[in-house]
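Atoms within a ligand are numbered from 1 in the order they appear, just like the ligands themselves.
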Amino acid sequence: MNEKEIERNEWLDSFDYVLRQNDPERAINLIETLQTRAAGEGLALSRCANTPYINTIPRDRQPPYPGNRDIEHRIKSIVRWNAMAMVVRANREEAGIGGHISTYASAATLYEVGFNHFFRAPGEDSDGDHVYFQGHASPGNYARAFLEGRISADELKNFRHECHETPGLPSYPHPWLMPDFWQFPTVSMGLGPIQAIYHARFENYLADCGLKDTGNQKVWAFVGDGETDEPETLGAISLAGREKLDNLIFVVNCNLQRLDGPVRGNSNIVQELETVFQGAGWNVIKVIWGADMDPMLEQDSDGILVKTLGEIVDGEYQNFSVRGGAYVREHLFGRDERLLKMVDHLSDEELGKLRLGGHDPEKVYAAYHAAVNHSGSPTVILTRTIKGYGLGEAGEGRNITHQQKKLNEEELREFRSRFAVPLSDEEIADLPFYRPDNDSPEMNYLKKRRDELGGWMPVRRERAEPLNTPDETFYSEFHKGSGDKESATTMAFGRMLSKLLKDDTLGPRIVPIIPDEARTFGMDPLFRQAGIYSHVGQRYEPVDKENLLYYREAKDGRILEEGITEAGSISSFIAAGTSYANHSLSMVPFFMFYSMFGLQRVGDLIWAAGDIRARGFLVGGTSGRTTLAGEGLQHCDGNSHILAYPHPTLRAYDPAYAYEIAVIVEDGIRRMVHEQRDEMVYLTVLNETYLQPPMPDGAKEGILKGIYRLHGPLDGRKKLQVHLFGSGAILNEAVKAQKLLAERFEVAADVWSVPSYK
Ligand SMILES: Cc1ncc(C[n+]2csc(CCOP(=O)(O)OP(=O)(O)O)c2C)c(N)n1
Ligand SMILES: [Mg+2]
């Protein structure tokens with residue numbers, strides 16, 4: 001040994017000694033102390049946040065597997081078969097009907113371990129866990145629900161044929177089409193993950209505001225590795241880290257492929273995501289290798305295997321999944337004599353079947369177990385799988401895999417044999433769905449596991465009690481008009497919100513959500529009145545403490561001041577707006593934003609809000625092309641209502657007067673929380689000040705329907721007569737035009753206010 005080696009060994013011996021005292025904290029502390037010292041001396045330490053390309057949880061720290069592996073494997077194989085049969089049948093009957101086989105094939109173990117051991121269903125006194133399933137893996141959910149007896153064979157047969165005589169199943173999770181089943185319409189990629197984050201935060205909000213004990217509930221989000229390209233997927237992960245959302249678990253299925261090809265052919269998606277999540281303060285658990293790799297890793301005393309595994313790019317890993325054992329021997333282990341020796345005892349066939357972590361239930365269980373027991377930060381599980389696992393030549397790990405929907409008889413036979421599905425060669429030609437007898441060990445096991453976890457999942461239910469809402473007198477101050485004082489509808493709306501927050505019944509259910517625009521909308525008085533929600537309260541004295549309207553953060557603060565993120569704010573809106581279904585509690589979110597940055601900027605999330613049956617108010621501020629034009633295009637909203645009109649569950653209003661707003665808000669709240677209709681209201685408010693007129697008699701019905709006569713003609717005897725329509729910012733101009741037409745052009749005009757052309 002040379003001097004350097006002796007020195008290194010001495011250090012390692014000391015470190016091992018500390019570790020052997022069974023005190024990992026001390027060992028960690030030593031390393032951190034050394035790092036601090038080195039940094040103080042100006043040494044350029046590596047800032048890499050990566051750990052080696054191996055499992056985070058080594059074999060000797062895996063908990064024992066609590067289930068019956070054998071029966072679970074049989075159940076999973078049957079679910080795999082039925083999921084595949086459903087899609088292949090549908091495409092046999094009608095080419096081009098579509099559907100997905102390969103995503104569920106790669107995720108089956110990830111789901112089944114969850115169903116058998118982790119996902120808790122809603123029960124009498126709990127609303128259970130909330131699981132955001134990957135939308136296009138839905139065939140797996142349907143196939144499992146078929147075994148559970150919740151979905152019939154006829155429904156499976158009519159997959160993607162909602163209009164057949166026996167209505168079939170929708171392609172993707174959809175709470176309108178399957179209102180007792182799907183909770184989260186996840187298929188627009190990226191929107192599931194961001195909603196899951198804000199949902200997890202909303203659970204803390206409910207608890208901190210004293211509305212509900214959510215302590216025990218978890219939010220799980222299953223995410224594709226390709227899906228992490230969407231800005232929404234990763235865009236809010238720092239919020240989850242900052243808020244220490246340990247009720248949140250992401251499972252990223254790293255099958256290394258998206259639709260067209262590899263996610264990161266030239267680099268490594270697991271390692272990339274590890275640094276990103278680590279940097280955002282998440283607990284990262286990598287589940288890369290299955291048990292087959294453990295013996296090799298345990299022999300790897302000089303680290304050559306770990307080093308080699310870390311150098312291979314994903315495009316090459318994809319080859320290892322496809323090209324068989326001889327290729328793996330040559331191109332992976334063949335890189336070094338020492339590696340070759342490690343796999344001497346394995347045949348090519350065995351080497352070709354080295355299982356990845358995401359297909360190994362024990363490894364997946366260990367990760368989930370660690371995640372649900374972790375506290376202090378959210379957890380992300382990055383797990384390697386093979387896309388199209390089990391499809392063999394028909395498309396396992398290939399670039400065409402995502403689109404694969406057809407298998408020939410030979411391929412079906414192989415699939416059947418590989419997963420030992422008890423169907424004969426003759427039977428499989430017709431692609432039957434298979435369900436074991438009700439009293440079979442498989443069915444008993446399946447039921448027992450789910451009974452212990454509270455019942456079937458996914459399941460959507462609506463248990464919120466209807467609430468009484470304030471009557472007309474509550475709003476009468478707005479019906480009266482502003483007398484000789486000019487004011488803007490934004491001010492009236494702010495006043496209404498403030499009043500609603502103080503209402504005994506409804507007040508605690510109002511959730512104001514603002515992306516850094518409260519002052520612009522003159523809503524800063526709400527800071528003091530309602531407080532800005534912060535799980536940790538206010539750990540500093542605000543600079544403006546001596547002001548009446550200081551920036552007040554509080555643990556029971558009611559305002560979600562989200563910062564500059566419309567995507568985050570609408571995700572909070574969705575969490576609050578679906579609380580009636582997910583948390584048995586009606587809430588009324590009011591999301592206030594610049595109208596230019598709403599339907600246009602986060603339109604797809606607003607579609608998701610409709611699809612998920614959210615309730616609440618979207619309030620577009622400073623709308624209308626005539627106001628604040630000097631500030632540029634961000635206030636030149638001439639189109640948001642056009643974007644709002646196609647949304648089926650969004651009632652859109654462009655009111656001009658305070659009383660119109662009062663009527664719309666009163667009616668909207670009643671419909672949402674008393675009549676329990678799953679609808680939203682889009683409302684624009686203006687910041688131009690003018691005299692707010694009193695409400696004309698009998699106008700209420702017209703306001704809600706969208707049109708009423710504001711002023712009759714000034715002089716009905718004129719020969720030429722026109723009707724002037726106006727809404728929002730233009731309405732007062734129509735009133736002026738009426739006079740002008742009468743005085744200068746001999747035209748008798750009446751004026752109609754049209755708060756909604758919809
Ligand atoms: C916003 C959006 N863009 C495109 C698609 C179409 N699409 C469906 S699945 C898919 C590939 C998904 O890849 P990945 O996230 O890796 O999931 P995997 O199927 O591999 O598990 C694409 C592009 C979509 N559903 N949503
Ligand atoms: Mg993928």
Exercise for the section: Using a 4.5 Å cut-off on heavy atoms from C-beta on, say whether the side chain of Ile54 contacts that of Leu297. Expected result: yes

Practice task
Would you please indicate if the ring centroids of Phe617 and Phe593 are separated by under 6.0 Å?
Solution key: no

Practice task
Give the contacting part of Met189 toward ligand 1: side chain, backbone, both or neither, where contact means a heavy-atom distance below 4.0 Å.
Solution key: both

Practice task
Tell me, please, whether Trp81 has Arg416 positioned over its six-membered ring: NZ or CZ under 6.0 Å from the ring centre and within 45 degrees of its axis?
Solution key: no

Handout entry: Per-atom contacts, ligand 1 versus His402 - under 4.0 Å to a heavy atom
Key = 9 (S), 10 (C), 11 (C), 19 (O)

Problem - Sub-4.0 Å protein heavy atom next to atom 24 (C) of ligand 1 - result: yes

Problem - Any side-chain donor near an acceptor of the partner, Ser321 and Glu396, under 3.5 Å - result: no

Practice task
Check each heavy atom of Asp225 against ligand 1 and say whether those closer than 4.0 Å belong to the side chain, the backbone, both or neither.
Solution key: both

Problem - Metal proximity, Asn253 vs the Mg ion (ligand 2), N/O/S cut-off 2.8 Å - result: no

Completion exercise
Only residue of Tyr111, Trp220, Tyr132 satisfying ring pair (Phe, Tyr, Trp, His ring centres under 6.0 Å) with Phe119 is Trp220

Practice task
Please determine if Arg89 forms a cation-pi arrangement with Phe159, meaning its NZ or CZ atom is less than 6.0 Å from the six-membered ring centre and no more than 45° off the ring axis.
Solution key: no

Completion exercise
From the list Asn253, Asp225, Thr103, side chain to side chain donor-acceptor pair (under 3.5 Å) with Thr385 holds only for Asn253

Practice task
Consider every N or O of His100 and every N or O of ligand 1, then say whether any pair is closer than 3.5 Å.
Solution key: no

Handout entry: Under 3.5 Å side-chain donor-acceptor pair for Glu274 and Asn50
Key = yes

Exercise for the section: Establish whether atom 10 (C) of ligand 1 and some protein heavy atom are separated by less than 4.0 angstrom. Expected result: yes

Fill in the blank from the handout: Honestly, for Glu230 the part within reach of ligand 1 (heavy atoms, under 4.0 Å) is side chain

Completion exercise
Within 4.0 Å of some non-hydrogen atom of Gly226, the atoms of ligand 1 are 14 (P), 15 (O), 16 (O)

Handout entry: Ring centres under 6.0 angstrom apart (Tyr142, Phe433)
Key = no

Exercise for the section: Note the single closest protein heavy atom to atom 15 (O) of ligand 1, along with its residue, its atom name and the distance in Å. Expected result: Glu227 N, 2.9 Å

Problem - Tyr65 and Glu72: side chain donor to acceptor below 3.5 Å - result: yes

Handout entry: Protein contact of atom 21 (O) of ligand 1 - nearest heavy atom, named by residue and atom, plus distance
Key = Gln134 NE2, 2.9 Å

Problem - Residue Asn255 vicinity, atoms of ligand 1 by number, heavy atom under 4.0 Å - result: 18 (P), 20 (O), 21 (O)

Practice task
Look at the side chain of Asn283 and the backbone N and O of Pro378, then say whether any donor-acceptor pair between them is shorter than 3.5 Å.
Solution key: no

Problem - Residue Val187 vicinity, atoms of ligand 1 by number, heavy atom under 4.0 Å - result: 24 (C), 25 (N), 26 (N)

Exercise for the section: Answer yes or no for Ser188: is there a heavy-atom contact with ligand 1 below 4.0 Å? Expected result: yes

Handout entry: Distance-only N or O hit between ligand 1 and Val263, under 3.5 Å
Key = no

Problem - the Mg ion (ligand 2) contact by Asp225, N, O or S atom under 2.8 Å - result: yes

Handout entry: the Mg ion (ligand 2) contact by Asn255, N, O or S atom under 2.8 Å
Key = yes

Fill in the blank from the handout: If you compare Lys387, Glu232, Arg258 by their heavy atoms, the one closest to atom 18 (P) of ligand 1 turns out to be Lys387

